[in-house]
Each structure stands twice: as structure tokens, then as C-alpha cells.
Amino acid sequence: MNLLLLSRRWLSLLALPMAALALISCKSVTSNDTVDYKSSGAVRGPNLSYPPDLITAQADRRYIVQDGTATMSEYNAAVKKSAQMRTNVMTGIPGMRIAKDGERRWLVVEKPAPELYPQVKDFWQENGFLLVVDSPSTGIMETDWAENRAKIAQDWIRSTIGGALDSIYDTGERDKYKTRLEVTKPSETEIYITQRGAIEKCVTDSTTTACNSTIWTSRPNDPELEAVFLARLMERLGMTQEQAKAMVAAPLGPKTPKAKFVQEGNNKGYIELSAGFDRSWRDIGLALDRSNFTVEDRNRSQGVYFVRYVNAKDVGDSKGFFSNLFSGKDDSKLQAKKYQVIVKSTGENSSNVYVQDADGKPENTPAGFQLLTLLTEQLAK
């Protein structure tokens with residue numbers, strides 16, 4: 001039986017007598033915050049309560065913190081340092097605004113990316129996250145998986161014994177966030193925040209309905225969580241909480257489908273976008289950030305995203321987590337491959353998107369075909 005499942009059942013049994021003893025003196029407690037990752041903590045080595053990380057397992061080591069993960073002492077030191085520097089940014093940054101396109105939001109700041117990057121990094125650490133990708137040269141950072149503890153009901157049982165047996169209380173959900181800093185104009189930076197989620201589900205067999213084990217599977221992207229952290233980041237950069245929330249809460253535009261998958265024979269095709277290069281470049285970047293691909297580098301002037309996909313089989317027995325992103329019997333060619341995603345302008349309000357292999361040659365394979373299909377589906381969301 002799954003070790004995590006056994007651990008939780010044992011702890012639940014242990015908690016019952018403790019809860020009974022504490023019944024008389026307990027009071028009801030409610031939480032006013034809807035997002036709280038600070039108590040998720042950090043560990044060194046494998047942790048069965050977290051989904052397997054399929055993105056950074058084979059990443060370039062220069063993008064990952066030493067020892068392959070961060071420690072709580074390193075996190076606390078970073079938070080202490082950023083708190084000491086916080087007074088330097090409270091005067092605010094002029095020209096900071098939320099930009100929108102349909103149902104997408106991002107932050108535009110009139111400041112060079114190299115100056116913003118350390119502040120954005122401090123922001124994630126102050127919010128209780130550890131970074132597993134930290135690349136100032138590419139303007140990309142990614143958090144480790146974390147649990148939103150605010151989703152756990154703050155009842156009298158938890159207020160009494162939650163601190164002692166915190167592992168009993170588990171939402172069965174994890175989130176991670178990608179942040180990408182994009183330079184579009186001199187001294188102006190666009191900041192994109194994208195969220196990916198995982199949910200733990202029970203596995204049963206044909207003979208019983210009991211939960212024999214659990215697996216982690218992907219859950220839909222949550223734009224509202226992205227909006228929460230955009231507002232928090234604006235506040236961290238000097239805007240008042242009221243201003244930031246009002247700016248993020250402004251109505252979004254209508255959702256208009258603008259991506260069409262064009263098939264050209266067996267395993268050949270491209271994506272047709274009814275948008276100019278700037279908008280198409282942005283939409284493809286967001287689609288890649290929200291999917292199971294890592295953007296290792298990009299060249300905007302040539303319209304190229306250099307991406308990497310790590311298949312679940314390359315990491316180990318993590319069956320079920322994002323394994324449905326690619327279908328087909330023969331997926332051997334999909335493992336740990338690198339691709340180039342090309343965005344080409346075909347007119348003032350039109351662009352095409354192509355997939356090439358790592359050497360820049362057309363990827364006319366089932367892998368390339370399904371990558372385009374995945375991007376098309378993501379663009380339609």
C-alpha cells in the first residue's frame with residue numbers, strides 16, 4: 001500500500017484521542033486569507049506528499065539551486081535579507097500597470113529587467129516559495145511545488161492539534177508558479193506569472209471501492225491565483241494594496257478564439273493565429289509556460305522559443321502525472337527531447353507557428369504533431 005496513505009491513516013488514528021481531550025477548551029477559528037503557502041515548508045530529499053517534478057529533473061544545473069533543492073535555512077536567510085531591503089522599494093515604481101488581452105493579464109513595469117529580477121525573486125521567497133529554476137540570464141524563474149494551506153478549514157480541532165500533527169491536514173492539491181520577464185522596449189519589462197496545479201486522486205481496483213493508493217494528476221490552470229500574485233507583486237513593488245487589487249480586478253475582455261491547427265499531410269502541420277507577431281509571441285509564451293514544457297531560452301528577434309519536454313518515464317514511476325499530455329502507443333521519441341517553437345509573422349494581423357527539432361529542422365514526427373495539438377488546445381483556453 002502507498003506509504004503516504006499509510007502515514008496519513010496512522011496519524012489520523014493518533015489524532016482522535018488528542019482531539020477528544022482538547023474538546024472542552026477549543027474555540028472556532030476562521031481564516032481571512034484565501035492564499036497562504038508560507039506554512040508549506042521545505043524539505044531536503046524525496047517527499048511523498050509532493051508530486052514528482054517532471055520539469056526540472058534534467059534541467060541545466062546552473063538554473064537550479066545547489067544540491068538540487070533548497071533548504072529552509074536558505075529560504076529563511078533570503079527572506080530576512082529581502083525584508084531588510086524592502087524599505088528601498090516602498091516608494092513605488094512609476095509607470096506600473098496591468099495589461100490585458102482577452103482573459104490574460106500581465107504586469108508592465110517601466111524599469112529594466114536586470115533591476116526587477118532580484119525584487120521578483122525576493123517576492124516569491126517572501127510568499128513562502130522555494131525556487132527550483134533561477135535564471136537571471138533568461139529572465140525565468142520557477143517555484144517548487146507548494147500547498148495552499150488557506151484551503152484547510154480553520155476549525156477548533158486544527159487550532160488545537162494542527163501545530164503538533166500538521167501532516168494530518170492536507171488539501172491534496174499542489175501549485176507551482178512560473179515567472180517570465182520579457183523585454184519589449186528599452187527600460188520597459190513585461191512580467192508574466194503562470195500557475196500549474198496538481199491534485200492527488202485515489203486509485204481503486206475492480207474488487208473494491210477502497211482507496212488502495214494515490215496518484216498525482218494535473219488539474220486545470222487557475223487564472224484567479226495568477227491574478228492574486230500579480231496584485232501582490234504590484235504591492236511588493238510599491239503600489240498600495242487597494243490600487244493593485246482594483247487594477248487586477250478590472251473586467252477582462254471577451255474571449256475570442258484565434259488559433260487554428262492546419263494539418264498538411266501525415267504528421268505535418270502548423271498553427272495559424274489571427275494576430276500580429278507581438279501578440280502571437282506573447283500568447284505562445286504563455287501557452288508554453290502553462291503546459292508541461294520548460295522554456296530554456298528564447299530569441300524574440302528571430303521568433304524562436306527553445307523548449308524542453310521531460311516525459312514522466314524519464315523521471316521514474318510517476319504514472320498519471322501529466323502523462324495524458326501525449327497519447328499514442330509509441331512515445332519513445334518524446335522522451336527528454338528539445339524543440340524549437342517558431343513564430344513567424346505573415347501579415348499585420350496574422351502569424352504562423354511551427355515546430356522544429358533541436359537542430360532547426362522540421363519536426364514532422366508524431367511528437368511534433370502532438371506538440372502543435374497541445375499548443376492549439378492551450379491557446380483556446
Side-chain angles (χ1 to χ4, degrees), residues 53-65 101 104 106-107 113-114 116-117 120-121 124 129 131-145 175-184 189-197 218 221 226 229 259 271 273 277-311 314-315 322 325-326 334-344 351 353-360 363 367-368 370-379 381:
D53 193 334
L54 306 188
I55 301 302
T56 59
Q58 298 184 8
D60 190 328
R61 299 303 300 176
R62 65 195 175 104
Y63 293 166
I64 306 178
V65 293
D101 181 9
R104 296 176 173 87
W106 64 96
L107 181 60
L116 278 172
Y117 190 94
V120 177
K121 177 180 177 179
W124 284 115
F129 290 92
L131 293 180
V132 293
V133 176
D134 178 12
S135 175
S137 62
T138 62
I140 296 173
M141 62 187 77
E142 181 178 345
T143 73
D144 201 354
W145 291 103
D175 300 296
K176 66 163 41 185
Y177 295 85
K178 290 183 182 179
T179 307
R180 180 163 47 87
L181 279 64
E182 192 84 46
V183 178
T184 57
T189 305
E190 296 178 351
I191 302 177
Y192 299 90
I193 294 177
T194 53
Q195 175 265 352
R196 289 177 56 218
S218 62
N221 163 262
E226 297 172 352
F229 282 105
I271 300 173
L273 297 175
F277 176 83
D278 289 344
R279 182 174 176 180
S280 298
W281 176 262
R282 178 173 64 247
D283 287 347
I284 290 296
L286 287 170
L288 289 168
D289 287 345
R290 285 174 172 168
S291 61
N292 196 33
F293 293 87
T294 296
V295 177
E296 292 190 325
D297 205 349
R298 60 199 184 280
N299 187 326
R300 183 187 175 92
S301 63
Q302 296 183 13
V304 183
Y305 282 101
F306 300 91
V307 303
R308 175 174 50 85
Y309 170 73
V310 180
N311 192 281
D314 298 327
V315 182
F322 293 128
L325 287 182
F326 288 95
L334 300 177
Q335 298 179 17
K337 286 200 65 174
K338 295 186 178 183
Y339 304 91
Q340 296 182 22
V341 178
I342 314 297
V343 182
K344 289 187 177 181
S351 302
V353 181
Y354 305 88
V355 173
Q356 298 178 349
D357 63 17
D359 298 322
E363 184 69 28
Q370 293 181 45
L371 195 159
L372 285 170
T373 302
L374 172 63
L375 286 177
T376 305
E377 293 173 353
Q378 192 63 244
L379 289 166
K381 293 180 179 180

* Which pair of non-hydrogen atoms, one from Leu181 and one from Ala113, has the smallest distance, and what is that distance? -> CD2-O, 3.9 Å
* How long is the span from the CH2 atom in Trp106 to the OG1 atom in Thr179, to the nearest 0.5 Å? -> 16.0 Å
* Asked: Can you tell me how far CD of Gln195 sits from CG of Asp175, rounded to the nearest 0.5 angstrom?
  -> 4.5 Å
* Short question: side chain of Gln340, backbone of Ala358 - any donor-acceptor pair under 3.5 Å? -> yes
* Asked: Heavy-atom distance under 4.5 Å between the side chains of Asp283 and Asp101, does that happen here?
  -> yes
* To do: Could you tell me whether the side chain of Thr143 and the main chain of Tyr177 form a donor-acceptor pair under 3.5 Å?
  => yes
* Indicate the atoms forming the closest heavy-atom contact of Phe277 with Ser351, along with that distance. => N-OG, 3.6 Å
* Asked: At their closest point, which heavy atom of Arg196 faces which heavy atom of Arg290, and how far apart are they?
  -> CG-O, 4.0 Å
* What pairs with Asp357 under salt bridge (charged side-chain N to carboxylate O under 4.0 Å, His left out), at least two apart in sequence or on another chain? -> none
* Asked: So Leu273 and Val343, side-chain contact (heavy atoms from CB on, under 4.5 Å) or not? Walk me through it.
  -> CA-CA 10 Å; Leu273 297 175; Val343 182; 5.6 Å; no
* Could you tell me how the ring of Tyr305 sits relative to the ring of Trp281: parallel (under 30°), tilted (30 to 60°) or perpendicular (over 60°)? => parallel
* Asked: Which pair of heavy atoms, one from Asp289 and one from Val295, lies closest together, and at what distance?
  -> OD1-CG2, 3.9 Å
* Tyr192 side chain to Lys178 main-chain N or O, any donor-acceptor pair under 3.5 Å? -> no
* Report yes if the side chains of Val133 and Thr294 come closer than 4.5 Å at any heavy-atom pair, otherwise no. => no
* Pairwise distance CG(Asn299) to CZ(Phe306) - rounded to 0.5 angstrom -> 6.0 Å
* Ignoring hydrogens and angles, tell me if any N or O in the side chain of Arg298 forms a donor-acceptor pair with the backbone of Thr138 under 3.5 Å. => yes
* **Ile193 CD1 to Met141 CE distance, which is reported to the nearest 0.5 Å** => 9.5 Å
* To do: Give, for atom CD of Glu296 and atom OG of Ser135, the distance between the pair rounded to the nearest 0.5 Å.
  => 10.0 Å
* In sequence, state the C-alpha distance, the side-chain angles, and the governing distance for Arg300 and Val183, and then conclude on side-chain contact (heavy atoms from CB on, under 4.5 Å). => CA-CA 9 Å; Arg300 183 187 175 92; Val183 178; over 6 Å; no
* Test side-chain contact (heavy atoms from CB on, under 4.5 Å) on Ile284 and Leu379 and set out the steps. => CA-CA 8 Å; Ile284 290 296; Leu379 289 166; 3.9 Å; yes
* **Full working for salt bridge (charged side-chain N to carboxylate O under 4.0 Å, His left out) between Lys337 and Glu363** => CA-CA 11 Å; Lys337 286 200 65 174; Glu363 184 69 28; 3.1 Å; yes
* Asked: Looking only at side chains, do Asn221 and Glu226 share a donor and an acceptor under 3.5 Å apart?
  -> yes
* To do: Specify the closest pair of heavy atoms between Leu374 and Ser291, including all atoms of both residues, with the distance to one decimal.
  => CD2-CB, 4.2 Å
* To do: Answer whether the closest heavy-atom distance between the side chains of Thr184 and Asp278 falls below 4.5 Å.
  => no
* Identify the two heavy atoms, one from Asp144 and one from Phe129, that lie closest to each other, and give their separation to 0.1 Å. => O-CD2, 4.3 Å
* Structure fact -> Value for OG1 (Thr194) from CG (Leu288), rounded to nearest 0.5 Å, stands at 10.0 Å
